[in-house]
Amino acid sequence: MTNQEFLRAPKTPLNDAQMEAVNHTFGPALVLAGAGSGKTRVITTRAARLVTEGHASPDSVLCVTFTNKAANEMRQRISSILDVSADAMWVSTFHAACLRILKSEHAHAGYERMPVIFDATDQKSLVKGILKEMGVPDTDFPYRKVMGVISRFKNEMKGPEEMAGDIYLRGAKILSQAYYQYQERLKSNNAVDFDDLLTLCISIFENRDDVLEAYRARFKFIMVDEFQDTNSAQYRFIKLLTGAEGNLFAVGDDDQSIYRWRGAKVGNIFDFERDFRGTRVILLEENYRSAGNILNAAGSVVREIGGRKEKKLWTKQKAGDPVTLYVADDGMDEAHFVAYEIMSAAKKGAAYGDFAVFYRTNAQSRTIEEAFTSWKIPYRVYGGLKFYERKEIKDVLSWLRLAVNENDDLSFRRAISSPPRGVGATSLAKLASYAASRRVSLLSAARAEDNGIGASAKKELLNFAAVVSHIGEMAGASNASALIKYAVENTGYLNFLEEKKTAQDVARAENLMELASAAEDDAAIGDFLDRITLASESDLVEEGMGTVSIMTLHVSKGLEFPVVFMVGMEDGLLPHKNSMDKIEEMNEERRLCYVGMTRAMRKLYLSRALNRNLFGSWNRGVPSIFLSSIPDDVLEKKKSVNVGRTHTQGFSRNSRW
DNA sequence: TAATCTTGAGTTTTT
DNA sequence: CTCAAGATTA
C-alpha cells in the first residue's frame, strides 16, 4: 500500500491466508481483507504469479481499482515482481478501463467519433442550464439533487422513461425531462460523463455478443480491488466480462464501505457467493499496520453494526500507546493541541510526514491550518479544490477542449469570456438561438456571416474562432505541453492575468505554467485531457514529503500514517448531523470512523471540543456516540491544557470561553 | 458588458 | 464565518 509497507513486504513471508489467496488460480474467489491485512500485496503477488507460472500472459489479466493512485501502485509492484514487462496487463481504474474499451468500440454505442469526457464541473453547468431553461424552481429541484438522481438511475442502467414511471420518486416527471435533456446535450456536445463510460460499455457488451466474446476471450483473469465500493454498474460490467470459467478474484472489506451515498453497494459482497457458484471465500484477518490498542479501539466502533461479514482482526504487534482522547475547550484549542503535539515530536526528531490530521467536513480544515501556520508547521491539504478544477486551469483548458472537439458548446461558453472580450449575455443568447435553429455548434454559428450579431461582437467572435482553429490545426503537430503554452499566450489569457497583478492572479499564472509541465509526458492533447479528467486529488498523496497531511476521513481511505489525529469527535460532526436519523447512514458514519482510526500505525489521537463555532454561532459539543464504544482500558483522556492560548498571545480573536 | 454588492446556503466526492 | 451565485450599478 505505502512505501513503508512495500519496503517491509519482501522480508515478511506471506501468512497462510495470504498464501491461499495468492495461490488461488481458477474459479471465483472472494477475499475479505480487513484493514491493513496486506490486500494489495495479495493482489499484486497473485497477478505476478499467474504470469510467472504460465497460467496467463500479461495481456490476459485485468486488474481494476477505484483510484489512479492505487492502480499506479499496483502496476509498479506487479512489474517489480515480474521479470517480464507488465505493460500489456490492464491495471487501471474502472473508468480508465472503460475509456480504453470505448476508444475501440464507441461506434457500437452510436458515437461516430470518440466522445470527450465531461467532468463534474461540466455536468454541473449542463444540469444548471437545463433546469433554468425548464424554469424549474431550484428550491424544489436543487441541481445537486438532480445530478444525484440522474447518476443513480444511470448506474442502475435505467433511462428517462423508467425515471418518469418511478412512483417512489418525488417530481419524477420533471426529473426525467431533465435527465432526457441532459443526455441529449451530452450527445450533441459529443461528450459523455463519468457514468456513461461504464454504462456505454455495459450496453455494448449486452447488445453485441461478438464484442463481448472478444473481451472475454482476452481477459482470462479479472481482479477487483475495494470490491465493497462497487456500484451496480461496475458489478454488472465485471459480471459481463467474467467468462464461463469465472476466474474472478474480488478483494474487499465490508467494514470499509463508505460510499453508499454515491451508489456503492456493499450488498455486492453478499451477492457474490450467490452470483458465482463455488466461490472460495478467504479471510485475511491479521493486521500488519496498527498497534494493538488502536486496532482494539477501532474494532469496537464497528462491532456494533449488524449484518457484517464477521471478521476478527488481530495483530502480533504490542498494545503500544493508549489511544489519546483530548477534550478541548473549543476548536482553536483543539487545533493548537494537535499543532503542539506535532511540534514537540518534531523537536525530538520525528518527521512531519509521519503525521496526518483527519476531519469529517472540509470546513474543519481552516482552524487546523491557522494553528499550523502560527506554529510554522509545514502541511498540505488533500482534497478540497482540485488542481484541474481551478478556474484558470478550466479556462485555458476550455480553449483546448473546444479546439479538439468543436461541438463542445460548454467549453465555447467558457472560452469566449476567458478572458472577457466584449461578447456578453445578449450576443451569446442570439448566437445560441441561431445555433439551435440550424442544429450547429456555437463555434460554427460564431463563424457564420448571417448570425445576426452586432458588428463589434461579431468581429470578436471571428477573431475568437480563428484562434480556436489555429490551436486545432496545431494540435495534430505539436505535443500537449507546447500546445498549452501556445494557448496560454495566444488567447490573451496570460496578458489578462498579468495586467491585473493581484497576488491571486500571479498564483494563477504560475498554475498555468504548472499545467504546461504536467502535460510534458503526453504526446497528444486528447490523451492529456482524458488523463486529467480521470485524475483525482488523492492521486497526489505521497509520503515522506516532509509535510503534515491533512484531509477528510473519506480521502484517508487506503492510506496509512505512523501518527493520526482525528478531530471533531462530536455528535453532529462524526456522526454527521445529516446522517444521524437513519440507521444505515449511521452505520456508514461508524465505518468512516473505523476507516480513519485504522489508518494509524503507532499512535492515534482523538479529540473533541466542548464548544464549537459552526457557521458563526457557538454550539455545545456533545461527545460522539462512537467514543462510547471504545473500551476505557485502551483510552487515555486528556483535559484541555490550553496550549494554544499561550502560543497565540492570550484570549485573542474568537475565544469567548 | 463588466465590476461590485448582496444574499443565501454550507457532508462526504475514488472517476 | 466564507464562498459562490445572482442582482445591481457604473
Listed pairs, N/O of protein and of nucleotides 5-10 of chain C, under 3.5 Å:
from  : atom 1 : to       : atom 2 : distance (Å)
C:dA5 : OP1    : A:Lys124 : NZ     : 2.9

d(CG, A:Leu559; P, B:dT14) in whole Å: 12 Å
Separation of atom CZ in A:Arg612 from atom C1' in C:dC1, rounded to whole Å: 14 Å
C:dA5 versus B:dT12 - spacing of their C1' atoms, nearest Å: 23 Å
Nearest-Å distance once atom P is located in both B:dT13 and C:dA4: 16 Å
Under 3.5 Å side-chain donor-acceptor pair for A:Tyr111 and A:Asn190: no
Whole-Å gap separating C1' (B:dT14) and CZ (A:Phe227): 16 Å
Only pairs under 3.5 Å count here: list side-chain donor-acceptor contacts from residues 526-533 of chain A, not counting sequence neighbours, and write none if there are none.
from     : atom 1 : to       : atom 2 : distance (Å)
A:Asp530 : OD2    : A:Lys103 : NZ     : 3.2
A:Arg531 : NE     : A:Asp522 : OD1    : 3.1
A:Arg531 : NE     : A:Asp522 : OD2    : 3.3
A:Arg531 : NH2    : A:Ala518 : O      : 3.1
A:Arg531 : NH2    : A:Asp522 : OD1    : 2.7
A:Thr533 : OG1    : A:Leu529 : O      : 2.9
A:Thr533 : OG1    : A:Asp530 : O      : 3.0

A:Glu369 CD to C:dT2 P, straight-line distance once rounded to whole Å: 12 Å
Please report, to 0.1 Å, the donor-acceptor pairs under 3.5 Å made by any side chain of residues 249-256 of chain A, with sequence neighbours excluded.
from     : atom 1 : to       : atom 2 : distance (Å)
A:Asp253 : OD1    : A:Asp255 : N      : 3.0
A:Asp253 : OD1    : A:Lys311 : NZ     : 3.1
A:Asp253 : OD2    : A:Gln256 : NE2    : 2.9
A:Asp254 : OD1    : A:Lys311 : NZ     : 2.9
A:Asp254 : OD2    : A:Lys309 : N      : 2.8
A:Asp255 : OD1    : A:Arg308 : NE     : 2.7
A:Asp255 : OD2    : A:Arg308 : NE     : 3.4
A:Asp255 : OD2    : A:Arg308 : NH2    : 2.7
A:Gln256 : OE1    : A:Arg599 : NH2    : 3.3

Touch class at under 4.0 angstrom, heavy-atom based, for A:Ser427 against every strand present: sugar-phosphate
Earlier contact from the 5' end, DNA chain B, for A:Ala120 and A:Pro420: A:Pro420
Rounded distance in Å - CG (A:Leu614) to P (C:dC3): 16 Å
No-hydrogen, no-angle side-chain donor-acceptor test under 3.5 Å, A:Gln364 and A:Thr361: yes
Ring pair (Phe, Tyr, Trp, His ring centres under 6.0 Å) partners for A:Tyr379, two or more places apart: A:Phe372
A:Phe496 CZ - B:dA2 C1' separation (whole Å): 10 Å
Sugar-phosphate only, base, or nothing, as touched by A:Asp195 at under 4.0 Å among non-hydrogen atoms: nothing
Those residues that, when tested against A:Phe118, pass ring pair (Phe, Tyr, Trp, His ring centres under 6.0 Å) (two or more places apart): none
Non-neighbouring partners of A:Ser398 that pass side chain to side chain contact (heavy atoms under 4.5 Å, CB included), sequence neighbours left out: A:Ser411, A:Arg414, A:Ala415, A:Ser418
N/O donor-acceptor pairs under 3.5 Å from side chains in residues 574-582 of chain A, not counting sequence neighbours:
from     : atom 1 : to       : atom 2 : distance (Å)
A:His576 : ND1    : A:Asn578 : N      : 3.1
A:Ser579 : OG     : A:Glu589 : OE2    : 3.3

Review item, nucleotides 8-12 of chain B N/O atoms under 3.5 Å of protein N/O:
from   : atom 1 : to       : atom 2 : distance (Å)
B:dT11 : O4'    : A:His576 : NE2    : 2.9
B:dT11 : O2     : A:Arg360 : NH1    : 2.9
B:dT11 : O2     : A:Arg360 : NH2    : 2.4
B:dT12 : OP1    : A:Asn362 : N      : 2.8
B:dT12 : OP1    : A:Asn362 : ND2    : 3.1
B:dT12 : O4'    : A:Arg360 : NH2    : 2.8
B:dT12 : N1     : A:Arg360 : NH2    : 3.4
B:dT12 : O2     : A:Arg360 : NH2    : 2.4

Below 3.5 Å, can you tabulate the donor-acceptor pairs from side chains in residues 234-241 of chain A to any protein atom, sequence neighbours excluded?
from     : atom 1 : to       : atom 2 : distance (Å)
A:Gln234 : OE1    : A:Asn231 : N      : 2.7
A:Tyr235 : OH     : A:Asp275 : OD2    : 2.9
A:Arg236 : NE     : A:Glu206 : OE2    : 2.9
A:Arg236 : NH2    : A:Glu206 : OE1    : 3.3
A:Arg236 : NH2    : A:Glu206 : OE2    : 3.1
A:Lys239 : NZ     : A:Asp275 : OD2    : 3.3

Distance, rounded to the nearest Å, where A:Arg366 contributes CZ and C:dT2 contributes C1': 6 Å
Whole-Å gap separating C1' (B:dA2) and CD (A:Glu460): 14 Å
